Protein chains: 2
Amino acid sequence: MMNVQYSVGQSKPCPVHDFALFATLGDTFSDALKVVPSDSVEYAATDTIYSAGVSAQHIYLLRDGYVKLFKTTASGKDQIIRVVKAGEIFGFDGLVDIRYNHSAMPLKHATVCRIAVDNLDMLGARRPEVERLIMVRCIKELQHADERLLELGAKRSDERLASFLLGWCNAANRWTPLILSRLEIAQLLGLTIETISRLFAQWKREGLLEEKQQAIQILDRHKMKQVADSNV
Amino acid sequence: MMNVQYSVGQSKPCPVHDFALFATLGDTFSDALKVVPSDSVEYAATDTIYSAGVSAQHIYLLRDGYVKLFKTTASGKDQIIRVVKAGEIFGFDGLVDIRYNHSAMPLKHATVCRIAVDNLDMLGARRPEVERLIMVRCIKELQHADERLLELGAKRSDERLASFLLGWCNAANRWTPLILSRLEIAQLLGLTIETISRLFAQWKREGLLEEKQQAIQILDRHKMKQVADSNV
DNA sequence: CGAACAATTGAATAAGGTCAACGGCTGTGG
DNA sequence: CCACAGCCGTTGACCTTATTCAATTGTTCG
């Protein structure tokens, strides 16, 4: 572990049971979790949480910030698979495989709580509940992946960007911090920086979208939805 | 259930435990499964197994043939999410959601065994093992989806087709039946019929690929791999 | 303040899509 | 048994979309 900064000490216990995700399992699980060694780790923008191909020893819960999961082609192009938001879990390849099949890095900054896969055994009888939880999350993620496959495979650049923005700014008519750079948006949508930039410029001109500082606001959500489904 | 033909009777019990996938759970599970109502259903090429948005009541095990899972855009374009092969399970949206989030149809022909989600409860104490099994399958599928996202988002048409063909013809230098039509390959790779056709023609000319009847053979697997990773 | 980096914009190019015509196979009905 | 319709695949010419290349501006950070 090189560029990893522990938030307080080397192994600060992580209050996993505070999180809604794990809270659904009830108190018995929370109690059980207190037995499981877990620690809190903080990452800066340039840190790598884990790399594809590396031994998959931990399962992660994102406490604060955003994390991008991505894969890299043989020719060096990155494709962002998913953007993880606070409260979500990621990196559960270790439950099945020896190695991670993708890489994980923060967007800007991230605080995670991680549990060693080996230590999951300590949960004893509660373990099936964890697996059920992960199964549920996994199916949800699979549905999300299906949707993204549809976007990458069957939609034009403007449709892709529009539906990404709609998903990102889930609050209507409010400023939403855009954590991703143009490059990261491009890598997420399978496009180039320039294409993203041009679409932004066009939509700003048309009064569809506004941007100030690092934040954006969708001015005409209805029209943006039309663009996303190409009902123009 | 309209265009559904039951293989023998209305509810022929399905020997689920014969399948490698479930066999991993051991004999106790096989015994338990005999209690669970499941039936075998046969579909022709034009039948629909289930449609996106429909109530997700069954979980399926493909016994014979191939099944395509796909989503449709608002404008009517289909994107094939995954091609299911014999022995694999699909349609487990019902474990989490009320409705299927994608549609399922056979390629040519399919025989499935299905279990009502409600009846999975009958497995009682053995249920955690089923959930673990599904979790494992689900993670595997997620990894597969990640790979496909990389292909659709970051690769050119020739790279996509080449890596699809390499995956499809896993046996080296042997004739492999190509179950998919040009249209279906196009819908899988996010391309058009014409593009697929042109690449096939080019590779046949170059002696990379051969096609007779409904079968194909990769003549130069090494070179095909180079195309897939654009090491040209 | 200047160096590095991020975003914008324009012009040229390439990749793939669209449109259209044609060939070939299959299955059906006279 | 043949003729023909219908479907699938092929091929060519053209067009659209998005990428690439390049120059410029804006932004952030030491």
Side-chain angles (χ1 to χ4, degrees), chain A residues 44-46 68 73 75-80 105 107-109 151-162 164-165 177-206 209-216 227-228 230 232, chain B residues 44-46 68 73 75-79 107-109 151-162 164-165 177-206 209-216 227-228 230 232:
Chain A
T46 53
K68 60 176 172 184
T73 63
S75 41
K77 278 183 79 176
D78 282 354
Q79 173 67 36
I80 297 182
M105 280 180 83
L107 297 178
K108 278 178 66 72
H109 167 94
E151 306 230 313
L152 293 189
K155 294 193 180 175
R156 284 193 320 268
S157 59
D158 53 346
E159 304 176 78
R160 290 185 216 176
L161 183 57
F164 160 71
L165 290 178
L178 184 62
I179 315 292
L180 300 90
S181 68
R182 298 287 133 105
L183 176 61
E184 284 163 333
I185 297 174
Q187 289 172 341
L188 181 69
L189 303 180
L191 300 168
T192 57
I193 311 177
E194 292 94 329
T195 301
I196 306 296
S197 190
R198 279 183 244 272
L199 286 169
F200 265 91
Q202 182 192 335
W203 291 343
K204 282 177 202 167
R205 256 182 276 122
E206 296 173 358
L209 193 72
E210 225 176 346
E211 189 175 26
K212 77 169 181 194
Q213 320 275 77
Q214 311 275 25
I216 55 165
V227 175
S230 66
V232 194
Chain B
T46 54
K68 59 176 173 184
T73 62
S75 41
K77 279 182 78 176
D78 282 354
Q79 173 67 36
L107 299 177
K108 276 177 69 70
H109 167 93
E151 306 230 312
L152 293 189
K155 294 193 182 176
R156 284 193 320 268
S157 59
D158 54 345
E159 303 176 79
R160 291 185 214 175
L161 184 57
F164 161 71
L165 290 178
L178 184 61
I179 315 291
L180 300 90
S181 67
R182 297 290 192 261
L183 176 59
E184 285 163 332
I185 297 174
Q187 289 172 341
L188 180 70
L189 303 181
L191 301 168
T192 57
I193 311 178
E194 291 94 330
T195 301
I196 306 294
S197 191
R198 279 184 245 270
L199 286 170
F200 265 92
Q202 183 192 335
W203 291 345
K204 283 177 200 168
R205 256 182 276 121
E206 295 174 358
L209 192 72
E210 224 176 345
E211 189 175 27
K212 76 168 181 195
Q213 320 274 78
Q214 311 274 24
I216 56 165
V227 175
S230 66
V232 194

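Numbered from 1 within each chain, the chains take letters A, B, ... in sequence-line order. Only a predicted model underlies this, so the values are computations on that prediction, with no experimental measurement involved. Only this structure's heavy atoms are used, side chains among them; waters, hydrogens and symmetry mates stay out.
- Taking CG from L161(B) and CH2 from W203(B), the interatomic distance works out to 4.0 Å, rounded to the nearest 0.5 Å.
- What separates CZ of R156(A) from P of dG17(C) is a distance of 13 Å, to the nearest Å.
- Separating the CD atom of E211(A) from the P atom of dG26(D) is a distance of 15 Å, rounded to the nearest angstrom.
- Every residue meeting the side chain to side chain contact (heavy atoms under 4.5 Å, CB included) condition with S181(B), not counting sequence neighbours, appears here in chain and number order: L183(B), E184(B).
- A residue-by-residue look at K155(A) and S181(B) shows that S181(B) has its nearest nucleotide of DNA chain D further toward the 5' end.
- One finds no salt bridge joining E159(B) and K77(A) here, because no Lys/Arg side-chain nitrogen approaches an Asp/Glu carboxylate oxygen to under 4.0 Å.
- To the nearest angstrom, C1' of dG26(D) lies 12 Å from NZ of K204(A).
- Taking CZ of R198(B) as the reference point, atom CG of D158(B) lies at 14.0 Å (rounded to 0.5 Å).
- Considering L199(B), L178(B), L191(B) as possible partners of I185(B), the one that fulfils the side-chain contact (heavy atoms from CB on, under 4.5 Å) test is L178(B).
- Between the side chain of Q79(B) and the backbone N or O of Q187(B), at least one donor-acceptor pair lies under 3.5 Å.
- The distance from atom CD of Q202(A) to atom C1' of dT8(C) is 14 Å, rounded to the nearest whole Å.
- Residue R182(A) has a polar side-chain atom (N or O) positioned under 4.0 Å from OP1 or OP2 of dT8(C).
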Let me see the working for I196(B) and F164(B) under side-chain contact (heavy atoms from CB on, under 4.5 Å), right down to the final yes or no. CA-CA 12 Å; I196(B) 306 294; F164(B) 161 71; over 6 Å; no

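- Between the CD atom of E184(A) and the P atom of dA6(C) there is a distance of 9 Å, given to the nearest Å.
- The distance from atom CE of M105(A) to atom OG1 of T46(A), rounded to the nearest 0.5 Å, is 6.5 Å.
- Between the P atom of dT16(D) and the CD atom of E159(A) lies a distance of 17 Å, rounded to the nearest Å.
- If you check residues 190-199 of chain A against DNA chain C, the residues with a heavy atom closer than 4.0 Å are E194(A), S197(A), R198(A), listed by number.
- Contact of the L152(A) side chain with the R160(A) side chain is registered, since non-hydrogen atoms from C-beta on lie closer than 4.5 Å.
- As rounded to whole Å, 15 Å separates atom C1' of dC7(D) from atom NZ of K108(B).
- dG9(D) atom C1' lies 15 Å from atom CG of L180(B), rounded to whole Å.
- Comparing the end axes of the helix from dC1(C)-dG30(D) to dG30(C)-dC1(D), each fitted to five base pairs by superposing C1' atoms of four pairs onto the next four, gives an inter-axis angle of 30° (nearest 10 degrees).
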